[in-house]
Amino acid sequence: MRTVELSDDGFLDGRLKILQPLKGFRAGIDSVFVAAAVPAEASDTVIEAGIGAGVAALCLLARCPGTRLTGIEIDPAAAALCEENAKRNNVLDRLTVVRGDLRDMPPGPAVFDHAMANPPFHDEGKSTPSPTPGKARAHAFGEKDLHLWGTFLHAKRRPGGTITIVNRTESLGFLLSALDRGFGAVTISPLFPRAGAPASRVIVQAGKASRAPLRLGPGLVLHGDGNLFTPEANAI
């Protein structure tokens, strides 16, 4: 019997209906935008670190019919909910959830075309833990963990594949350091809450073993008048 109270949330203008805990970690637009940034095509394979309830994964699978995705999830309840959400949205045949901590998993083999992640935002030991276990685990994150996630995802991708990560702007230095070895063609795309405001999130994408230089993309303004999404953000 399920003991956690859930909400039934719509994503992609109602194309997806996804169950999430009312209390604890809840995915939002970060997951939508990181999924939209992955350059996956039909028949590609994708791995996601920290799949949670599956919001980013299901957004990507809805956009890319034929793509198959494998997600790693440490929380058994979140992993089970992800599988339920995949079944509700008719993509269970294209999604596999692996239960476990990626820090304890062997890095190889490199079998995926793309990798993506929405790592926790708060530094372990530098913020007050949430009383909700799932949220506390999702948000407790040491500085070295970005390097571990980067190394793991790097090892899982085929030559020529991409890695796409969304995180807070303050973590950009750690993200670039995590992608320093074995990566190239790094693109930084800021997400601005509104015009004239500093970017609150960045999407960082890198190619494997590429010599192309780092590039700063134009970014995206999320909200306009009345706190409504801009036409560009709403289209995503």
So, for A199 and P193, which heavy atoms are closest and what is the spacing to 0.1 Å?
CA-CD, 4.3 Å
Minimum heavy-atom separation for S7 to R26, with atom names?
OG-NH1, 2.7 Å
CG/L191 to CZ/R168 distance, rounded to the nearest 0.5 angstrom?
15.5 Å
Answer yes or no: are there more than 12 heavy-atom neighbours, outside D13 itself, under 6.0 Å from its atom CG?
no
Go through the steps for K156 and D113 under the test salt bridge (Lys or Arg N to Asp or Glu O under 4.0 Å), then give the verdict.
CA-CA 9 Å; K156 287 292 185 181; D113 298 299; over 6 Å; no
State, with a plain yes or no, whether a side-chain heavy atom of L60 is found less than 4.5 Å away from one of H114.
no
Any L16 side-chain heavy atom under 4.5 Å of D9 side chain
no
Same apolar cluster (I L V M F W Y, side chains within < 4.5 Å links), V98/V111
yes
Hey, are R99 and D75 close enough for a salt bridge, meaning a charged N less than 4.0 Å from a carboxylate O?
no
V221-L216 co-clustered via ILVMFWY side chain contacts under 4.5 Å
no
Smallest separation among heavy atoms of R201 and T169, with atom names
N-OG1, 3.3 Å
Between R94 and L69, is a side chain to side chain contact (heavy atoms under 4.5 Å, CB included) present by the stated rule, with each step listed?
CA-CA 6 Å; R94 296 195 284 132; L69 189 143; over 6 Å; no
Which is it for L92 and N90 under the side chain to side chain contact (heavy atoms under 4.5 Å, CB included) test, yes or no, and what are the steps along the way?
CA-CA 6 Å; L92 188 58; N90 301 311; over 6 Å; no
For Q205 and T162, test the side chains for any donor-to-acceptor distance below 3.5 angstrom and give the result as yes or no.
no
Under the criterion side chain to side chain contact (heavy atoms under 4.5 Å, CB included), which of L12, L220, I29 is the partner of I236?
L220
At what distance, to the nearest 0.5 angstrom, does CG of L175 lie from CH2 of W149?
11.0 Å
On a heavy-atom basis, the closest approach of A27 and V55 is CB-CG2, 3.5 Å
Could you pull out all residues at least two apart from S43 that satisfy side chain to side chain donor-acceptor pair (under 3.5 Å)?
none
Pairing donors with acceptors under 3.5 angstrom, does anything connect the side chains of T230 and R194?
no
Would a hydrophobic clustering, with Ile, Leu, Val, Met, Phe, Trp and Tyr connected at side-chain separations under 4.5 Å, put F174 with I188?
yes
N89 and side chain to side chain contact (heavy atoms under 4.5 Å, CB included): which single residue from L58, L95, L61 fits?
L58
Kindly determine whether N85 and V91 satisfy side chain to side chain contact (heavy atoms under 4.5 Å, CB included), including the steps that lead there.
CA-CA 9 Å; N85 283 326; V91 293; over 6 Å; no
Taking the side chain as every heavy atom from C-beta outward, state whether V202 and S171 have any pair of such atoms under 4.5 Å apart.
no
Do I47 and L153 touch side chain to side chain, with heavy atoms closer than 4.5 Å?
yes
Within a radius of less than 6.0 Å around CG of D225, do more than 12 heavy atoms belonging to other residues, nucleotides or ligands occur?
no
Are a donor atom and an acceptor atom from the side chains of D44 and T67 found within less than 3.5 Å of each other?
no
According to a 4.5 Å side-chain heavy-atom criterion applied to Ile, Leu, Val, Met, Phe, Trp and Tyr, with indirect links allowed, do F192 and L172 form part of one hydrophobic cluster?
no
V204 and V186, any side-chain heavy atoms less than 4.5 Å apart
yes
Which atom names give the shortest non-hydrogen contact between A53 and I18, and what distance separates them?
O-CG2, 4.3 Å
Hey, could you give me the OG1/CG distance between T164 and N118, rounded to the nearest 0.5 Å?
12.0 Å
With a 4.5 Å limit on heavy-atom distance, are the side chains of L81 and P21 in contact?
yes
L228 side chain near H223 side chain, heavy-atom distance below 4.5 Å:
no
d(K87 NZ, E83 CD) to nearest 0.5 Å is 10.5 Å
Hey, what do you get for OG1 (T70) to CZ (F112), rounding to the nearest 0.5 Å?
4.0 Å
May I ask whether F11 and L222 are part of the same hydrophobic cluster, defined by side-chain heavy atoms of I, L, V, M, F, W, Y residues being less than 4.5 angstrom apart, directly or through others?
yes
R88 and D8, any side-chain heavy atoms less than 4.5 Å apart:
yes
Closest non-hydrogen atom pair between P119 and I165, with its separation
CD-CG2, 3.5 Å
CD on E48 to SG on C82, rounded to 0.5 Å:
8.0 Å
